[in-house]
2 protein chains.
Amino acid sequence: MDRAAVLPALAEVFREHGYEGASLSLISKATGLGKGSLYHVFPGGKAEMAACVLDEIDSWFETNVYAPLREGEPPGRAVSDMFEAVAGYFRSGRRVCLVGVLALGTGRDHFAEAVRSYFARWVAALAEALRRSGHGDMASAALAEETVAQIQGAIVLARALDEPEVFARALATLRARIAAATG
Amino acid sequence: MDRAAVLPALAEVFREHGYEGASLSLISKATGLGKGSLYHVFPGGKAEMAACVLDEIDSWFETNVYAPLREGEPPGRAVSDMFEAVAGYFRSGRRVCLVGVLALGTGRDHFAEAVRSYFARWVAALAEALRRSGHGDMASAALAEETVAQIQGAIVLARALDEPEVFARALATLRARIAAATG
DNA sequence: ATGTCTTTGTACCGATCGGTACAAACCCAC
DNA sequence: GTGGGTTTGTACCGATCGGTACAAAGACAT
């Protein structure tokens with residue numbers, strides 16, 4: 001059993017229960033692995049599991065979101081693709097953002113740098129795409145920051161109200177706003 | 001020692017560590033009360049403490065945010081006051097929203113209704129203020145939902161990037177957007 | 001000063017936490 | 001089949017969890 005095979009289940013546990021709430025017994029149940037196996041695969045224990053999950057999230061976003069935003073042509077299409085990728089990743093508002101959970105809550109000390117980098121690179125990549133589609137530097141940065149924040153907020157609100165449509169509506173509004181600013 | 005005296009410290013512990021992360025030893029240290037006193041004041045234990053904190057937050061927002069939004073005159077001024085109250089409450093982005101933390105993370109089952117109500121009433125009150133200042137019903141609801149989501153997202157982003165200014169910028173942008181839509 | 005009632009600290013409970021030790025089970029080249 | 005290395009389950013560790021019991025300490029009217 002290798003890391004890649006357990007990472008999805010592992011990520012889901014951290015997402016649903018946070019870092020502290022994700023007990024080894026929950027993790028064991030979710031992955032189907034006993035403690036022996038878990039500590040064989042992740043000698044560093046829970047901290048290494050979380051770091052590994054964060055790492056995979058990071059590289060997924062790098063590949064499927066950040067890089068296309070930075071380099072995709074045309075940039076308007078790259079932005080549109082981002083919304084689609086994000087909608088899929090967050091299951092249209094039914095899935096929570098683990099990085100957001102870590103940012104708000106627990107273990108902010110351990111993972112501060114990973115959390116910071118995730119959001120900083122998202123905002124930077126989106127700003128770059130906006131800049132490439134003709135916006136000024138400052139407007140691009142502001143719109144990018146606003147967009148990422150709104151996505152995160154929509155996840156919170158959708159989860160709180162138990163209404164995933166809130167998330168879908170937010171994405172639609174953001175698409176329209178960016179299109180209006182660009183077109 | 002009564003409830004009101006310990007609620008602020010109590011709220012801060014839950015904010016910073018989440019529900020599961022807020023251990024009784026942390027709570028005891030933060031409030032200066034031993035277990036005996038804590039269970040004397042809150043016979044229901046941790047769950048009652050959290051419920052009590054949520055209750056106080058709820059009534060603070062009802063008094064300082066929701067009611068003014070619903071009834072304040074003129075409505076444009078009520079909206080502006082909301083931004084000021086919110087900026088103060090969240091310490092300009094340095095303080096996290098406990099209800100948002102609970103929504104994303106832990107104990108979502110115990111407090112689901114309180115969390116839902118907090119956000120639903122916020123959105124409804126803001127929508128009412130917008131409606132009173134001349135917007136259509138649907139536009140008001142959409143703008144209100146978008147605004148509350150953006151506030152929450154800005155908190156996440158400001159905390160993640162360790163840049164409180166992100167929160168201030170978001171509030172400024174929202175003010176401008178609402179002013180533009182109204183004026 | 002006394003007695004009563006409230007408030008507090010502390011010792012303790014079983015359960016569970018994250019983590020370790022280690023032996024049985026498994027795999028596979030030979 | 002046999003031996004050696006890997007993978008796994010399980011028993012166990014000290015620490016801490018949320019919660020309870022209860023007696024000492026404090027407050028206050030008489």
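We name chains A, B, ... by the order of the sequence lines, and we start the count at 1 in each one. Because the structure is a prediction, the values reported are computed rather than measured.
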For A:K35 and for A:H40, find the nucleotide of DNA chain D with the closest heavy atom, then tell me which residue's nucleotide is more 5'. A:H40
Could you tell me the separation between the NZ atom of B:K29 and the P atom of D:dG18, rounded to a whole number of Å? 13 Å
Atom CD of A:E20 and atom P of D:dC17: how far apart are they, to the nearest Å? 10 Å
For the pair A:E163 and A:R94, find out whether any cationic side-chain nitrogen is under 4.0 Å from an anionic carboxylate oxygen. no
Find the distance A:L38:CG to D:dT7:P and express it as a whole number of Å. 14 Å
D:dG9 P sits how many Å from A:Y39 OH, rounded? 16 Å
Can you list the steps and then say if A:M82 with A:W122 is a side chain to side chain contact (heavy atoms under 4.5 Å, CB included)? CA-CA 10 Å; A:M82 175 196 83; A:W122 191 350; 3.4 Å; yes
C:dG9 P sits how many Å from B:L33 CG, rounded? 7 Å
Atom-pair distance (CZ on B:R3; P on C:dT7), nearest Å: 13 Å
So what does B:A47 hit on the nucleic acid, given a heavy-atom distance under 4.0 Å: a base, only sugar-phosphate, or nothing? nothing
Could you tell me how far apart A:M49 (CE) and C:dC17 (P) are, to the nearest whole angstrom? 13 Å
Rounded to whole Å, please give me the gap between CD1 in B:I27 and P in D:dC17. 10 Å
Determine the contact category for A:G36: base if any of its heavy atoms lies under 4.0 Å from a base atom, sugar-phosphate if only primed atoms, P, OP1 or OP2 are that close, otherwise nothing. base
Below 4.0 angstrom, N of the basic side chain to O of the carboxylate: do B:K46 and B:E20 qualify? no
B:R95 to B:Y89 six-membered ring, cation-pi geometry met (6.0 Å, 45°): yes
Does the side chain of B:S37 get closer than 4.0 angstrom to OP1 or OP2 of C:dT7 through an N or O atom? no
Output yes when at least one side-chain N/O atom of B:S25 is less than 4.0 Å from OP1 or OP2 of D:dC17, else no. yes
